[in-house]
Amino acid sequence: MTNTLHTPFQTTTHGPLCTIVQPSEMTLAEMSDAQIRAIVGELLQANKALKELNTKLSDAQNKLMQSEKLASIGQLAAGVAHEINNPIGFIFSNFGTLEQYLQDLFEMLDAYEESEPGLQDPTTRQRLQKLRKDLDIDYLKDDIPNLMRESRDGIQRVRKIVQDLKDFSRVDARQEWESVNLHHGIDSTLNIVNNEIKYKADVIKEYGDLPEVQCLPSEMNQVFMNLLVNAAHAITAERGTITIRTGTEGTNAWIEVADNGQGIAPENLQRIFDPFFTTKPVGKGTGLGLSLSYGIVQKHQGRMEVRSEVGQGTTFRVTLPLHHSATAAQDSAS
């Protein structure tokens, strides 16, 4: 059997792929060694380009899946918050009514106690005194208002968490640019990730005078969450510090999240925003948090910067324009 190849080969490059034009046929026996080496070289180059393209497509697909997963979690969180908010509302309302009822009952009980010495029947008087002592009425009169205050505080905390969860997800809101107070978004996010931070670090807020910023609130809350959780995970000491600073610079607003954790090695700083790159142990992170955050900040025509020193800590700085430019966003996207 005679092996034939299409030659001579003419290649034109379109991006990472090579198109091979086949004007004639030639057998391997008719080819010189140089021609065969050229063909093999072109095939190896095309194969390498295809592998690189396949890797990029796979990374993009995984990033998209992670983004969709985050959106689904946000929708679920908003739904749960809405469902919890309804019973919390009527419990809170009923608590106010119950406090008023107890106040009336205590007032009536005081009147009974004042009239107790005037009872003519000594047996009845002794029975009431014994019952009051057995039930420890004086203690109950002091303790019940305390229990009511503590319960009301607990319900208010749950209500605040639910509201922060709704503010954080903002799934019910249209994906439109809004002028918002970023401090509210940071505070809501802090409440949501409190369990990740409270056992590892103290949070210090150094808020500056920050005007409202035009942004997509739910997406910026996602950025804040990623930075805060990463800061908490970077702290390896028994207890550390996370400092949040804000301010303005010209027509831009900036937000810094700094920790005094282990820091990032210089060789890793250049890759810190790459998809799937992580310095965390296996199973502790996807390597997409900072990459997604970087993309969100770029979408807002902003920038994200990092400075770090091993053993001293890391500071992430997000800079955003105060006003959104639709034209600039379209140019950036294209």
Side-chain angles (χ1 to χ4, degrees), residues 74 156-157 159-170 172-194 196-198 200-232 234-235 240-261 263 272-273 289-290 292-309 312-329 332:
Q156 287 177 330
R157 288 177 61 187
R159 201 177 198 182
K160 179 69 165 57
I161 291 171
V162 169
Q163 185 58 50
D164 288 339
L165 191 58
K166 292 179 69 178
D167 291 343
F168 175 80
S169 61
R170 297 294 291 266
D172 54 335
R174 295 187 302 271
Q175 282 293 304
E176 293 183 356
W177 296 82
E178 304 176 42
S179 295
V180 299
N181 186 331
L182 291 183
H183 291 160
H184 291 167
I186 295 171
D187 291 340
S188 295
T189 305
L190 275 171
N191 205 15
I192 295 300
V193 301
N194 182 54
E196 291 278 349
I197 297 176
K198 63 181 179 181
K200 302 194 68 174
D202 298 313
V203 176
I204 299 174
K205 299 178 184 178
E206 298 179 358
Y207 289 171
D209 186 12
L210 202 63
E212 290 191 339
V213 176
Q214 284 186 326
C215 65
L216 298 171
S218 62
E219 294 194 1
M220 288 311 306
N221 287 343
Q222 183 71 51
V223 173
F224 301 148
M225 185 188 74
N226 288 332
L227 294 181
L228 289 168
V229 170
N230 278 353
I235 294 173
T241 301
I242 297 174
T243 305
I244 307 172
R245 307 181 186 94
T246 63
T248 57
E249 191 176 71
T251 58
N252 295 323
W254 57 265
I255 306 97
E256 284 188 350
V257 177
D259 65 72
N260 62 347
I272 201 70
F273 298 119
L290 287 176
L292 289 172
S293 298
Y294 188 81
I296 290 172
V297 173
Q298 281 194 319
K299 180 179 179 180
H300 285 70
Q301 301 119 52
R303 63 183 185 273
M304 182 182 289
E305 301 160 301
V306 58
R307 59 182 185 273
S308 184
E309 186 175 346
Q312 298 298 317
T314 303
T315 300
F316 283 92
R317 183 182 178 105
V318 175
T319 304
L320 300 171
L322 295 175
H323 302 287
H324 167 66
S325 170
T327 302
S332 177

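Every value quoted in this text rests on a predicted model; they were computed, and no experiment measured them. Start at 1 with the first residue, then count along the sequence.
- Using a 4.5 Å heavy-atom cutoff, the side chains of Ile255 and Val223 are not in contact.
- The closest side-chain heavy-atom distance from Tyr207 to Asp187 is below 4.5 Å.
- No side-chain heavy atom of Leu292 sits less than 4.5 Å from a side-chain heavy atom of Gln222.
- When atom types are taken as modelled, the side chain of Asn260 and the backbone of Thr241 share a donor-acceptor pair closer than 3.5 angstrom.
- The line from CG of Leu227 to OG1 of Thr314 is 11.0 Å long, rounded to the nearest 0.5 Å.
- Residues passing the side chain to side chain contact (heavy atoms under 4.5 Å, CB included) test with Ala201, sequence neighbours excluded: Ile197, Ile235, Ile242.
- Side chains of Thr243 and Glu206 form a contact here, defined as non-hydrogen atoms less than 4.5 Å apart.
- Note: Ile192 CD1 to Met225 CE = 10.0 Å, rounded to the nearest 0.5 Å.
- Of the possible polar contacts, none joining the His324 side chain to the Gln301 backbone as a donor-acceptor pair under 3.5 Å is found.
- Taking CZ of Arg245 as the reference point, atom OG1 of Thr315 lies at 6.0 Å (rounded to 0.5 Å).
- Salt-bridge check for Arg303 with Glu305: passed, with a basic side-chain N closer than 4.0 Å to an acidic carboxylate O.
- Considering all non-hydrogen atoms of both residues, Pro321 and Val213 come closest at O-CG1, 3.6 Å.
- Side-chain contact check for Ile244 versus Leu228: some heavy-atom pair is nearer than 4.5 Å.
- Closest non-hydrogen pair, Ala232 versus Glu196, comes out as CB-O, 3.7 Å.
- Counting all heavy atoms, side chain and backbone alike, Asp259 lies closest to Ala231 at OD2-CA, 3.7 Å.
- To the nearest 0.5 Å, atoms CG (Asn252) and NE2 (His323) are separated by 10.5 Å.
- At distances below 3.5 Å, at least one donor-acceptor pair connects side-chain atoms of Thr246 with backbone N or O atoms of Gly208.
- Side-chain N or O atoms of Ser308 include one that pairs as donor or acceptor with a backbone N or O of Gly313 at under 3.5 Å.
- Taken to the nearest 0.5 Å, the NZ atom of Lys198 stands 13.5 Å off from the CG atom of Leu190.
- The distance from the CD atom of Glu219 to the NZ atom of Lys299 is 3.5 Å, given to the nearest 0.5 Å.
- The shortest side-chain heavy-atom distance between Leu182 and Phe224 falls under the 4.5 Å cut-off.
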>> With side-chain contact (heavy atoms from CB on, under 4.5 Å) as the criterion, how do Met220 and Leu320 come out once you've worked through the C-alpha distance, each side chain's angles and the decisive distance to 0.1 Å?
In response: CA-CA 10 Å; Met220 288 311 306; Leu320 300 171; 3.6 Å; yes
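- Between Thr248 and Trp254 there is no side-chain heavy-atom pair separated by less than 4.5 Å.
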